[in-house]
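Let me begin by presenting the structure, written as C-alpha cells, before commenting on it.
Protein chains get the first letters and strands the later ones, always in sequence-line order, with residue 1 at the start of each.
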Amino acid sequence: MQDFEYLMPTNLDQAIGLLKKYENKAALIAGGTDVMVKIGKTRKAPDVLISLRRLSALRYIKKNGGYHIGALTTHRMLEQSTLVQSELSALHDAASQVGSVQIRNVGTLGGNICNAAPSADTAGPLLVLDATAVLEGPLGRRRVPLKEFFTGTYRTVRKPDEVLVEMEIPEDLGRYGSAYWKHTRRKAMELPLIGIAVALKLSQDNSQILDSRIALTVAAPTPIRAYPAEDFLKGKVIADDVLKEAGRIASSADCCTIRTSLRCEAWYREEIVRVFVPRMAKLAAERVKNR
Amino acid sequence: MKKVSVCFTLNGDSVTAEVPVTWSLLKTLREYFELTGAKEGCGVGECGCCTVIVDGDAVNSCLYPIPEIEGRSVVTVEGIAGKEGTLHPLQKAFLENNAVQCGFCTSGMIMSAKALLDKNPDPAEEDIRTSLSGNFCRCTGYVQIIEAVRRVAKGNT
Amino acid sequence: MSDYLYVGKDIPRTIEADKVCGRAIYINDLKRPGMLHGKILYSRYAHARIKRIDTSKAKKLQGVRAVLTGYDLPDVRVGFIKDQTVLKKDVVRQFRDEVAAVAAISLEIAEEALHLIDVDYEELPAVFDPREAMKEGAPLVHEVDARGKPVRSNILPLPWKFQAGDPEKGRRESAYVVKDDVRTTWVNQGCMGTSGCIAEFDMNKNLTLYSQTNVPFLGKQRIQEYLSRLGLGKSNVRVLNPVVGGSFGTKLDTDIYEFIAIQLALQTGKPVKILFTREEEFFALPPRQPALFNIEQGCDREGNLTFREVKAILDNGAYTSWGATTPSVMMMPISSLYRVPNVRFDATCVYTNNIYAQAMRGYGNPQATFAVETSMDRLAEEAGIDPAELRLINCNRPGEETPMRLKITTCPLEACIKTVREKIRWGEKRGKRNGRGVGMASLIHVAGGARVYKSDGHGIIVKVDQNGRVDVLESGTDQGQGSPTVISQMVAEALGFKPDDVSITLGDTSLCLWDAGTHASRHTFMAGNAAIQACRSIKRQILEMAVEFIPQIVTYAIKKKKQKDPNFREPDLDWKLVASPEAMDIKDRYIFPQKAPDHPYFRTEVSEILTRGLHVGTGQSRVVIAEAFYDPPTEMLDREMKGNYSMTYAFGTTAVEVEVDKETGEIKIVQVFAAHDVGRAMNPTLVKGQIYGAAYTGAGYGLTEEIQVRNGRVMNANFRDYKMLTAKDVIPVEPIIIEVPDESGPFGAKGIGEPGLVPTAPAIANAVYDAVGVRISDLPITPEKILSALRKKDVC
C-alpha cells in the first residue's frame, strides 16, 4: 500500500538540501494536481514527497529588466494579473484555461512546466515568449532556454536535485503581441487536443512581421517550436495568404509529428494547426495594435 | 502507515487531526471529522463535488494533501449557514431556484459560487460560468444554478 | 386560471434543505456498525477462458474477511433473461465481467487484496461489431442459453417485429421516398453520485439492502427470487433508498454489484458496502443502448406520410439488461410520431463481447427519434416541402389512435411546432447555408405510466396526526427530480392542507406499497393520482369528525362568550351547514361550510378537530389514515407489439439555431427553444428544470458524448475524456410550457422527466444541415465528421 513522508520546506535552501539528502527517493510536489492524481492512479508513490507550497517567496509576477515569474505562481495568479493579460497575452490565454478554477488555484506554472506533458498549456506561450527556465541546485543557479528544457515526454533537463525557481521572459516586448489557442471539445476541464501559440513582432506601422515565433503542443513528444513556419513569416508583410502558408508549414512534417490518439485523429489536429496559426497570428497582431 | 498531525481552522473552529499522511483533505473531512457534505465524485480533481474553500480559494479537496492544511483555514458547506440554522443566501437561492436536483454536486457548486462571491460580489455572468466550470452537474443543465448565483450576486449589491 | 392554491405554483424545494447544507445522506456517506468494504475484480480480456484463479494470497492479507469467486457460489443466474451469473467462472465475455470479489475492513485493504488475486486466462476469439456477430461462423458469445441448451447464433431470441397497415402499398403510393442509415452510440448516464449499496443480514437471514434503485419493489422481487435460489426462501428483504445522486436509467436494473454485496454479506455475516469509483461508473455500469438504424419513409405529393419502415440492430453486449427492451419504446416514435398509416419495425439484438447496455433517460426514444426526425428533414427536402410544414401536415391530433394502438388524449403538438417556429424566426433564418442554420425535431413519449410490467400500479399511504401534520409513505423514489416538493404540493392541494405540513418518506419496501418504479416519466402522474384518491378518503375522515365536533366547539364557544358577556346575543346558526361531510370542505388547513366559507363560527382550523377526534379517552380513539393504489387502465403490448401502454402521451418540439465554423467543423448552439406539452405544470420552475437538464444531456448526446469502446474495452472512463458539458458550455435553452390539462392526469399533469432530451440531437443535426449542407447521421456530431463531410461535398 502506498505510503510516503511528506516534507514541507519553507525556503529554497531547505528544499534543495532535502532533495540532496533523499536523492532519487524523493519527488517534488507543487500544487499537487498532477502528482496526487498520478499517485492515486499508479498506486505508487516515492518514499518522500517534498512540497514546495510553503516557498511563498517563489510566488511572484514581476517586471524589472524583463519579466520574472516565480515557479510557484499559480495559474489563477497569472489569470488575474493585468500585467500578464496585457503584455504576456498568450500566457494569460493559456493559464486561464487550465482545468478549472479549483485546479488553477493550486496548480503552478513551475509544476506545469516540470511535469512536461506534451499538452502542457503554459509551455507553448512560454516558448513563443522566448522564456528561460532558472534552475537552482546544490551547485548554484543555471539558466536553460525553455526551447532546450524539454527532453522527452514528461522529461526535462532538470536534475533530480534541482528546483525550478522562475521563468524569465526577456524585456522589449513593446512591438510584440501573442496569443494561444487551446483546441478542445468543450470550454473547460480540458487538455488541449492541440495547442497553438503565436508571437509576432510588427513594424511601427503594423504591416510587417519583424519577428515571429510559433509553438505547438500535442504536436510532438514535447512542446515544440515550429521554426520553418516562423522563418517563413519573418520579414513578410502581414496578409491572409502569407499567414495561411505559415499555417500549412506549421502543420506539415517539417514542423511536427502529429499523431492520432483516442482523443483526436492526426488529420484533424493538423487541420486545426493549419487554421489556427493564421487565426492566432491575426489575434497576436491585433494585440500589438491595441497596446 | 505514517501519520501526520495537523492543526487548522475548520468552519471557524480551531481543530487538530491525526490521520495517515497519505490522506487527502477530502478523506480527512469525511472520515475524521464526519463532515460528508463534500463528496467524492471522481477522486482526481475532475468533477468538483469535493470543492471546499481553503484560505479563500475554492480547491478540490480530493487532491489536497492533508499535511498542507497545517495552519490554514477551511470552510465547507456545513460551515456557511448561520449558527441558528439560517441558510446562507446561496443555499436559499439554490432551493428557491431549483438549482438543486439530485444534490450530489450541490455542496461543491455552492462552495465554488461562494468563493467567487466572497471576492467579487457582483460578477459578470461569464465569471459565474467560469467559476462553476470545474463543477459538473448532470441534472440541471446549469441554467438554474447560474441564475441562483446571479440572484445572490444582485442581492449583495 | 385554476383556483388551486399550491399546484401550479413555484413552491421552493425547501423540503430538501439538507441537500444545500451537506446533510443529505447518500450511499457514499452511509455507514453501518461493523461494515466491511467490498471490491470487485474484473476481467482482463473481452473473451477468455479462466484457467485458474488463485485467491490464497488475497485471503491471507490482514483485514480481508472474504474472497469469493464464481467457483464459491451456486450457479444462480440473474438478469433480464438470466444469461449471467453473479461472479463469472470458466469463461469471461466482456471486460467488465466480475471475476472475484473481496470484503475487507477498509477500502484500501480491499483494493490491495484485488491485486493479490492471480487469474490465468486463455484468450478466446471475440466479436465486437454486431453486424459481424450476426454472421454465421462468428465467435459465439454464449455457447448455451439460460436453460443450458446449445445455441448457434449470437442473435437474441427476442423478436421485435411490428407491422401496421401495408408498408409495400404505402411505398408504392409514395411520390417521394428517402432511405438512410443512422447510428447512435453508447453514452454514459453520468450520475454525479457513483453507484453503490450496503447489504446487511440479521441473524434470521433477513436482508436489508440500502440501494439507490428506482424500482425498489421490482428490485426486491429480483433479490427475493435470488435468495430463494440460494435456499434462503424464508428471508425477508427490505430495500430502502438513501438520498440518490442521480439515476437517469442506471438504477432500473438490479446490478451485479448488488448481488455481490449480498453474497459478501452472507459470507461474512457483516454489512458490506460496495461503492463504485468513477472509473467503474464508466466501464462497469451499463450505458445507453446503441443502435444502428436503417430507416425508409415516404410521402405523397401533398406531403402526407405514406409509410415508414425501420430496421434496427442493437449491440446487446455480452449479457442482457434493459437495453434489449428499448425497442418497445423505439416503436413509439417509429409508429406514432406524426400520422403514418403503414409502419414496419424490426429490431434485432445481438450478443457481442462489448459492454452491455441498459436504460437511460428516454429509454429507446432518443435513438429512434434521431432516426425518424433526421429522416423527416430528408423527406421534406426530397419533397420540396418546408420541414416544419411537413411536420404540421402529419401532425398528431387529439383523440386519434396510432398504428401501435396508442390512444392520443390531449395533443398540442401543432402548437409546439408553431410556437418554436415563430420563436426561432424560422422563415427568416432557414435555408441560408451561410454557416448559420435552424432545425427542429418533435417527440412523443409516455406521460401517464408505462405498462412494461403486469402491475403498473402505484401505492401511497397518507396519515394525519392529532396536530395536523401529514405523513406520506410514497412508494416511488426521488433521484433528484423533486418529487418530494411536487407530491407535497399535490397532497396539500388534495387535502386542503399546506405543503409544509407534509413530510414524505420515499423508497422503502417495508413501509410503502407496491410501485412499478420511478421511471418512464411516471412519478408525478402516478403518485398524484394515487394521492388524490387517498386524500379524498382522508378528507372524508376529517370531515366526519368535523360533523361530530364542530357543533361541540361552537356551542362551547358560545357558552363561554355568554359567561363573559351577559349581553351577548346568541346567533341563530344554520347547523345544516355542518351537518354532513359533503356540506363542508377543507382548504389551507381550515374546515368550512361549502355554502359559507368564511362563516364566523363554523370555520375551524383542522388541528382543533384532529386533537379532539383522534385522542378521545373513552376507548373511541382513532387514527386518520388512507391508502390508495392507482393502477391505470392501460394495456401491456400484445404479441403484435401493440397496445395502449400509457394513459396519455406527451408531445414537444425543439428548435435549434447553430453556427458552424466551416474551417474547423465546430458547432456553436446559438439558441434553443423547447416547447413541451406538460398537461398542467405542477411546479413550473421544476418543470423547467427537467427541460433544461434533459436538453443539456440531449445536446451532449448530439455533440460531444461517446463512450469510446475499442475491442470491447472502455477507453475514456473519466470525466476528462468523456465529454459532459460544463457550466461554460451551458446550452441557451428557453423552455416553453404548453398547458392543456389532461383528464387522466392529477390536476391535469403529464410526465415530463424524459421528453426534453429526446428531440435535442436530431434538431441539432437538422440545424447543422441547414447551416452547411452536410448531414451527419452518426452520433455524436463531431467537428471531425462535419469537416470530412464538408470536404467530400466540396470534392463532389
Side-chain angles (χ1 to χ4, degrees), chain A residues 1-10 27-56 59 72 74-77 79-80 95-108 111 184 186-191, chain B residues 1-6 19-27 38 40 42-72 108-109 111-113 115-116 119-120 123 126-136 142:
Chain A
M1 223 166 295
Q2 72 200 36
D3 201 2
F4 47 74
E5 244 181 286
Y6 198 96
L7 304 174
M8 297 188 289
T10 53
L28 287 179
I29 175 169
T33 53
D34 290 317
V35 176
M36 294 312 284
V37 171
K38 204 170 142 197
I39 290 174
K41 273 193 184 147
T42 59
R43 302 163 45 80
K44 276 185 207 142
D47 292 347
V48 181
L49 280 175
I50 299 170
S51 164
L52 300 178
R53 263 194 194 164
R54 310 256 152 176
L55 272 59
S56 36
R59 281 187 213 277
L72 269 291
T74 62
H75 299 302
R76 190 70 171 159
M77 288 166 71
E79 181 184 4
Q80 293 180 331
S96 48
Q97 289 182 75
V98 172
S100 61
V101 171
Q102 291 94 314
I103 296 289
R104 301 203 281 279
N105 276 333
V106 290
T108 64
T184 57
R186 59 185 175 204
K187 289 182 184 155
M189 293 306 296
E190 284 280 40
L191 295 173
Chain B
M1 183 160 277
K2 296 177 194 84
K3 286 204 166 189
V4 63
S5 177
V6 285
V19 295
V21 67
T22 55
W23 278 23
S24 63
L25 172 58
L26 176 64
K27 186 148 181 163
E40 181 171 308
C42 71
V44 289
E46 291 172 2
C47 76
C49 294
C50 68
T51 304
V52 301
I53 297 179
V54 175
D55 290 345
D57 290 330
V59 302
N60 295 311
S61 61
C62 71
L63 292 182
Y64 210 98
I66 194 61
E68 297 285 359
I69 215 66
E70 176 67 35
R72 299 190 194 271
M109 201 65 88
M111 296 317 283
S112 282
L116 167 70
K119 289 187 177 165
N120 179 3
E126 197 51 37
D127 296 330
I128 299 176
R129 290 184 187 194
T130 297
S131 293
L132 301 182
S133 63
N135 296 76
F136 279 110
Y142 307 104

Side-chain donor/acceptor of B/S131 to backbone N/O of B/I128, under 3.5 Å: no
Nearest heavy-atom neighbours spanning B/A58 and A/N105: O-ND2, 2.7 Å
A/I39 backbone acceptor or donor facing A/R43 side chain under 3.5 Å: no
Any donor-acceptor pair under 3.5 Å from A/R54 side chain to A/M8 backbone: no
Which portion of A/E79 sits near chain B, non-hydrogen atoms under 4.5 angstrom: side chain
Option among A/D34, A/L49, A/I50 that satisfies the side chain to side chain contact (heavy atoms under 4.5 Å, CB included) test with A/I29: A/L49
Chain B contact via A/V37 - side chain, backbone, both or neither, heavy atoms under 4.5 Å: both
Residue B/S112 versus chain A: region with a heavy atom under 4.5 Å: side chain
Most contacts with chain A, counted as non-hydrogen pairs under 4.5 angstrom, among B/T51, B/V54, B/D57: B/D57
Selection from A/S96, A/G40, A/S51, A/G32 maximising heavy-atom pairs under 4.5 Å formed with chain B: A/S51
Selection from B/L132, B/V21, B/L116 maximising heavy-atom pairs under 4.5 Å formed with chain A: B/V21
Residue part contacting chain B, namely of A/L7, when any heavy atom lies under 4.5 Å: neither
Heavy-atom neighbours of B/K2 NZ exceed 12 at 6.0 Å: yes
